[in-house]
Amino acid sequence: MPPRKNVLLAPVTVTPTKPLTPSHLKGLLWTDVMFRATVPLAEVTYRYSHTTYHVTEQTVGFWEYLDRTRGETDYAQLSEEEIGELYVRYRAEEQPQSAQALRPYRDAIEHSGWTHPASRRLLELWAGHYERLGMHDPGLKEHQPPGLALEEMVEQLSATGLVLDQRDYGGPVYLDLTRYGMPLRRIITSDGQPNYLACALRELLPLVPWYDEVVLLYDRELDTDYQLLNRVLTRLGPAVHRVPLGRVPIDGRIAPARQGGWRGHTAGVLLGEADETCGDDTEALRLGMRLYFVATLGPGQRESFRHDLLRNCLTMAARLLRRSRAAVAVGTGDLFDALDRHRRGHTYVDPYRLTCSLLGRGRPAPDPALLSAVYL
């Protein structure tokens with residue numbers, strides 16, 4: 001066998017401010033299949049740090065709003081939908097928050113790893129969803145600070161001429177890739193507030209030189225920022241692969257989470273409905289959810305979420321599992337070959353091609369070793 005490469009898998013994080021939606025589940029399940037399918041072939045690090053991105057306005061702004069308007073609420077008693085409704089109200093308020101008001105929250109995150117009780121509650125609920133879905137937990141509730149402080153990140157980029165820092169003149173900090181024909185991108189406001197891209201740079205700049213390949217999975221809406229990130233990281237040596245995924249429309253419409261378009265379609269609701277189809281068959285639930293969100297929906301965003309197709313995938317999963325249990329498990333070498341054929345010029349396994357290979361009339365029964373390693 002060829003030498004095992006080191007792969008860094010770095011998906012976009014879901015900020016713990018609202019429920020997990022079909023779009024979130026799609027990204028998480030794609031990442032999980034990619035991670036578990038690539039592990040037999042390479043040394044894979046799955047980097048997914050909520051700590052790194054808590055400092056963005058989207059999260060700390062919500063926390064400040066909750067403390068200002070809700071007082072001593074016991075968030076441990078709230079559902080993810082109830083916390084999500086509070087987030088919708090926060091976004092509807094559209095009241096600008098000063099850097100001074102948000103600074104204590106950022107300081108608490110940076111210096112002590114503090115997380116607001118509302119987000120701690122969401123992360124606890126999400127950990128339960130991960131367990132039911134059989135997804136690898138990359139440290140949802142762990143304190144995982146980035147390797148660079150904000151100023152260290154700016155200094156490192158400045159040393160290579162990739163930053164335009166106008167703070168001495170009352171301006172913001174820009175990521176400057178204009179030499180490559182790419183636009184300036186503000187990453188820190190004039191009053192010191194970092195955006196998501198700044199946080200990603202803090203996290204990934206010190207990590208990527210240690211890897212042969214880096215895989216970035218992200219929402220297609222963020223493609224411009226991830227093209228910039230790709231360019232910066234490639235300068236550090238590794239091959240960088242971008243894997244953009246489309247969102248999942250609901251009733252033909254893609255609505256931001258801040259508008260509440262997730263109502264009736266949260267992870268908790270979908271798992272409850274899946275129980276009605278699968279009963280106590282946890283393996284059918286896990287495989288069926290991946291058949292739907294990976295193979296059926298695919299990488300694009302043309303297909304709206306459909307409850308009937310999800311039920312069909314859950315039923316199909318039960319049939320595939322029955323056939324698989326009657327099959328003879330293949331050897332380790334055959335498992336390597338079964339995964340290896342779904343790589344094209346890169347080390348990671350393509351989740352879409354692999355999962356689609358389980359479907360179709362006339363195909364042999366799925367190998368139990370493959371299902372166990374990747375889907376269950």
Side-chain angles (χ1 to χ4, degrees), residues 9-35 46-63 75 78-88 90-91 109 115-116 118-133 135-144 146 195-197 199-200 203-204 215-223 225-226 229 243-248 250 254-263 265-271 289-290 293-294 297 301 305 351:
L9 182 57
V12 65
T13 60
V14 182
T15 56
T17 55
K18 64 272 185 180
L20 293 179
T21 68
S23 294
H24 297 142
L25 285 174
K26 176 179 175 179
L28 293 171
L29 289 167
W30 272 70
T31 304
D32 187 71
V33 171
M34 181 184 290
F35 171 69
Y46 183 166
R47 179 66 179 181
Y48 192 83
S49 165
H50 283 287
T51 309
T52 298
Y53 301 95
H54 280 338
V55 297
T56 60
E57 179 273 336
Q58 180 178 357
T59 301
V60 293
F62 181 47
W63 294 355
Y75 295 99
L78 298 186
S79 68
E80 59 182 327
E81 290 80 10
E82 289 171 325
I83 295 174
E85 293 294 350
L86 295 175
Y87 182 70
V88 171
Y90 158 61
R91 283 303 189 185
I109 295 164
T115 302
H116 193 278
S119 289
R120 283 205 305 270
R121 171 61 173 163
L122 282 176
L123 291 170
E124 289 171 358
L125 292 168
W126 293 0
H129 297 332
Y130 273 56
E131 183 176 1
R132 291 189 64 194
L133 288 166
M135 294 195 298
H136 171 74
D137 184 345
L140 290 180
K141 297 183 286 183
E142 295 177 12
H143 177 53
Q144 302 182 78
N195 65 9
Y196 190 94
L197 182 54
C199 294
E203 178 165 58
L204 296 177
V215 187
L216 306 172
L217 290 98
Y218 59 93
D219 181 343
R220 194 180 297 275
E221 299 290 325
L222 301 174
D223 195 60
D225 278 352
Y226 271 83
L229 185 60
V243 182
L245 297 175
R247 297 183 182 181
V248 181
I250 296 175
I254 297 175
R258 63 178 177 269
Q259 296 179 3
W262 39 263
R263 295 183 179 95
H265 295 80
T266 61
V269 170
L270 298 183
L271 285 168
M289 294 291 273
R290 288 161 174 79
F293 282 100
V294 179
L297 289 179
Q301 58 184 37
F305 179 84

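Both backbone and side-chain heavy atoms feed into the values below; hydrogens, waters and symmetry mates do not.
Residues that satisfy the salt bridge (charged side-chain N to carboxylate O under 4.0 Å, His left out) test with Glu203, not counting sequence neighbours, are Arg47. Scanning for ring-ring contact (aromatic ring centres under 6.0 Å, His included) contacts around Phe35 gives Tyr46, His136, with sequence neighbours left out. For Tyr218, the ring-ring contact (aromatic ring centres under 6.0 Å, His included) test picks out Tyr226, with sequence neighbours left out. Applying the side-chain contact (heavy atoms from CB on, under 4.5 Å) criterion to Arg120, with sequence neighbours excluded, gives Trp114, Thr115, Pro117. For the ring-ring contact (aromatic ring centres under 6.0 Å, His included) test, no residue two or more places apart in sequence or in another chain qualifies with His129. Every residue meeting the side-chain contact (heavy atoms from CB on, under 4.5 Å) condition with Asp219, not counting sequence neighbours, appears here in chain and number order: Glu221, Leu222, Arg247. The side-chain hydrogen bond (donor to acceptor under 3.5 Å, both in side chains) test applied to Ser119 returns Trp63, not counting sequence neighbours. For Thr17, the side-chain contact (heavy atoms from CB on, under 4.5 Å) partners at least two apart in sequence or on another chain are Thr15, Gln58, Thr59, Phe62, Tyr87. Under the rule for a side-chain hydrogen bond (donor to acceptor under 3.5 Å, both in side chains), the partners of Tyr90 that lie at least two apart in sequence or sit in another chain are Glu57, Gln97. Take Glu142 and apply the side-chain contact (heavy atoms from CB on, under 4.5 Å) test, not counting sequence neighbours, and it matches Gln144. For the salt bridge (charged side-chain N to carboxylate O under 4.0 Å, His left out) test, residues two or more places apart in sequence or in another chain that qualify with Glu85 are Arg263.
Rounded to the nearest 0.5 angstrom, Leu197 CG and Thr56 OG1 are separated by 12.0 Å. Taken to the nearest 0.5 Å, the CG atom of Leu245 stands 10.5 Å off from the CG atom of Leu297. Note that CD1 of Ile109 and NE2 of His54 are 6.5 Å apart. Values are rounded to the nearest 0.5 Å. Going from atom NZ of Lys18 over to atom CD1 of Ile83 covers 12.5 Å, rounded to the nearest 0.5 Å.
A pairwise comparison of heavy atoms in Gly84 and Pro19 identifies CA-CD, 3.7 Å as the closest pair. Here the shortest heavy-atom pairing between Asp32 and Met135 reads OD1-CA, 3.3 Å. In this structure, Tyr48 and Val12 approach most closely via the heavy-atom pair CE1-O, 3.4 Å. Scanning all heavy atoms of the two residues, the minimum distance from Pro351 to Val294 falls at O-CG1, 3.5 Å. Nearest heavy atoms, Leu125 versus Ser79: CD1-C, 4.1 Å.
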Full working for side-chain contact (heavy atoms from CB on, under 4.5 Å) between Leu140 and Tyr130: CA-CA 10 Å; Leu140 290 180; Tyr130 273 56; 3.8 Å; yes
side-chain contact (heavy atoms from CB on, under 4.5 Å) between Asp225 and Asn195, intermediate numbers included: CA-CA 11 Å; Asp225 278 352; Asn195 65 9; 5.5 Å; no
Can I get a per-line list of side-chain donor-acceptor pairs under 3.5 Å for residues 20-29, giving both atom names and the distance, sequence neighbours left out?
from  : atom 1 : to     : atom 2 : distance (Å)
Thr21 : OG1    : Ser23  : N      : 3.3
Thr21 : OG1    : His24  : N      : 3.3
Thr21 : OG1    : His24  : ND1    : 3.2
Ser23 : OG     : Val248 : N      : 2.8
His24 : ND1    : Thr21  : N      : 3.0
Lys26 : NZ     : Gly246 : O      : 2.9
Lys26 : NZ     : Gly298 : O      : 2.8
Lys26 : NZ     : Gly300 : O      : 2.6

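With contacts defined as side-chain heavy-atom distances shorter than 4.5 Å, the pair Arg121/Pro16 does not qualify. Taking the side chain as every heavy atom from C-beta outward, Leu271 and Leu133 approach each other to under 4.5 Å. Val88 places a side-chain heavy atom less than 4.5 Å from the side chain of Trp262. Put simply, the side chain of Tyr196 reaches to within 4.5 Å of the side chain of Thr13, judged on heavy atoms.
Side-chain atoms of Trp30 come within 3.5 Å of backbone N or O of Phe293 as a donor-acceptor pair.
Between His50 and Trp126, the two ring planes are tilted [angle within 30° to 60°].
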